[in-house]
Asks: 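There's a structure below that I have some questions on.
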Amino acid sequence: MSEQTATWFNLYDARPEAEVPAESPLAWSYHRTGRPAVSQKSRVVLRERAMLGHLILRGGAIVLDEAVRQVLGFGLPGRPNTLTHDDGGERSIQWLSPDEWLVIVPGGEEFVLEGRLREALGDAHYAIVNVSGGQTLIEIEGEMARELLMKSTPYDVHPDAFPVGKGVTTVFAKANLILRRPGEERWELVLRRSFADYCYRWILDAGAAYTIGVES
Amino acid sequence: MFLIYCPYCEEHREEEEFHPKGQAHIARPADPEACSDKEWGDYLFFRDNPRGIHHELWVHAVGCRKFFNVTRNTVSYEILESYRVGEQPRFTAEHPEGRPVETVAAENVTAKAEVVERQEGVKA
């Protein structure tokens with residue numbers, strides 16, 4: 001089968017030029033629904049980290065791990081539903097399924113990273129897809145963040161079942177998204193662009209009781 | 001809450017995340033051209049409908065999106081086990097109390113070795 005593996009790939013930078021205005025998936029929601037200000041009383045804070053670079057890696061764990069270590073300097077999470085970060089915490093890799101990982105890097109890096117990964121992987125059997133345009137990352141932080149999640153997802157978010165460094169794909173408000181916990185009181189939701197408005201309004205509604213604020 | 005164990009995520013997940021996909025262990029005829037119409041029809045359309053232990057294919061649709069097998073009792077709806085595709089069930093109609101874990105594990109190791117042998121050409 002290895003003879004049939006494509007040795008060429010069509011790689012192009014999907015990020016628009018600087019003069020073309022790019023809007024986050026939540027731009028319309030901010031415009032229509034608005035964003036409640038963060039105040040002293042806010043016990044949950046929502047923050048969008050738009051325009052990050054998202055890459056889906058597929059392939060055998062050993063080959064991918066080697067290439068990722070070489071290019072990014074830290075390895076793939078080997079255990080199901082776990083998350084690894086680089087030293088600065090800016091880049092992360094998450095286990096999605098036994099042969100699939102999600103890499104999130106600061107916006108603009110993903111194009112170069114994809115090229116370097118493809119170079120490192122050579123003619124191995126793998127796939128890399130740039131999904132940056134299809135999803136966005138929302139951070140929820142604060143003492144009541146867990147309460148808010150408990151209203152929205154059937155997944156057990158108790159610290160015993162969901163320690164720091166875990167990440168799962170699960171149901172959230174009847175939609176699905178990736179829920180991850182990089183810090184003690186910080187949660188990240190990776191959601192599809194098409195669900196962004198719905199989830200945003202759901203979170204505002206669920207967070208109203210905790211005077212949720214949206215950081216710009 | 002109704003939780004189902006996903007053998008790939010290695011934990012119990014809410015039933016909402018899964019979809020049933022019908023009977024498991026249906027082998028495609030090795031040479032479809034050589035099949036009679038009856039054999040091919042049986043393979044395509046006819047499924048077992050047992051009372052008691054049934055092996056089913058399920059998919060963890062919201063999650064790892066992997067297919068896996070479930071042994072379920074169609075009378076009590078109890079899920080007896082879930083196991084990866086390519087593995088053999090512990091609970092069968094002949095062994096409703098479950099075969100010893102070691103026997104099944106040994107069988108699965110042999111089956112896995114065969115799969116690896118067949119995939120040797122794939123660089124993974």
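All values derive from a computational prediction rather than experimental measurement. Proteins get letters first, then strands, A, B, ... in listed order; numbering begins at 1 in each.
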Asks: Sort by residue number and list every residue of residues 188-211 of chain A having at least one heavy atom under 4.5 Å from chain B.
Replies: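 The list, in residue order, is empty: none.
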
Asks: If you count every heavy atom of other residues, nucleotides or ligands that lies below 6.0 Å from B:H25 atom NE2, does the total exceed 12?
Replies: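 Yes, the 6.0 Å shell around NE2 holds more than 12 heavy atoms from other groups.
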
Asks: So if I take each residue of residues 157-179 of chain A and look for any heavy atom under 4.5 Å from a heavy atom in chain B, which residues do I end up with?
Replies: A:K166, A:V168, A:T169, A:T170, A:V171, A:N176

Asks: Any donor-acceptor pair under 3.5 Å linking the side-chain atoms of A:Y155 with those of B:E11?
Replies: yes

Asks: So which residues of residues 88-102 of chain A are in contact with chain B at a heavy-atom cut-off of under 4.5 Å?
Replies: A:W95, A:L96, A:S97, A:P98, A:D99, A:E100

Asks: More than 12 foreign heavy atoms under 6.0 Å from CG of B:D31: is that the case here?
Replies: yes

Asks: Atom CZ of residue position B:F46 - does it have more than 12 heavy atoms of other residues, nucleotides or ligands inside 6.0 Å?
Replies: no

Asks: Tell me if the CZ atom of B:R51 is crowded by more than 12 foreign heavy atoms within 6.0 Å.
Replies: no

Asks: Among the options B:E10, B:R13, B:H60, pick out the one with the most heavy-atom pairs lying under 4.5 Å from chain A.
Replies: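 Greatest number of close heavy-atom pairs with chain A: B:R13.
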
Asks: Heavy atoms under 4.5 Å from chain B: which residues of residues 130-154 of chain A carry them?
Replies: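 So the qualifying residues are A:P154.
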
Asks: Flag yes if more than 12 heavy atoms outside B:E81 fall under 6.0 Å of its CD atom; otherwise flag no.
Replies: yes

Asks: Do other residues, nucleotides or ligands put more than 12 heavy atoms under 6.0 Å from A:R116 CZ?
Replies: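 Count not over threshold, so no.
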
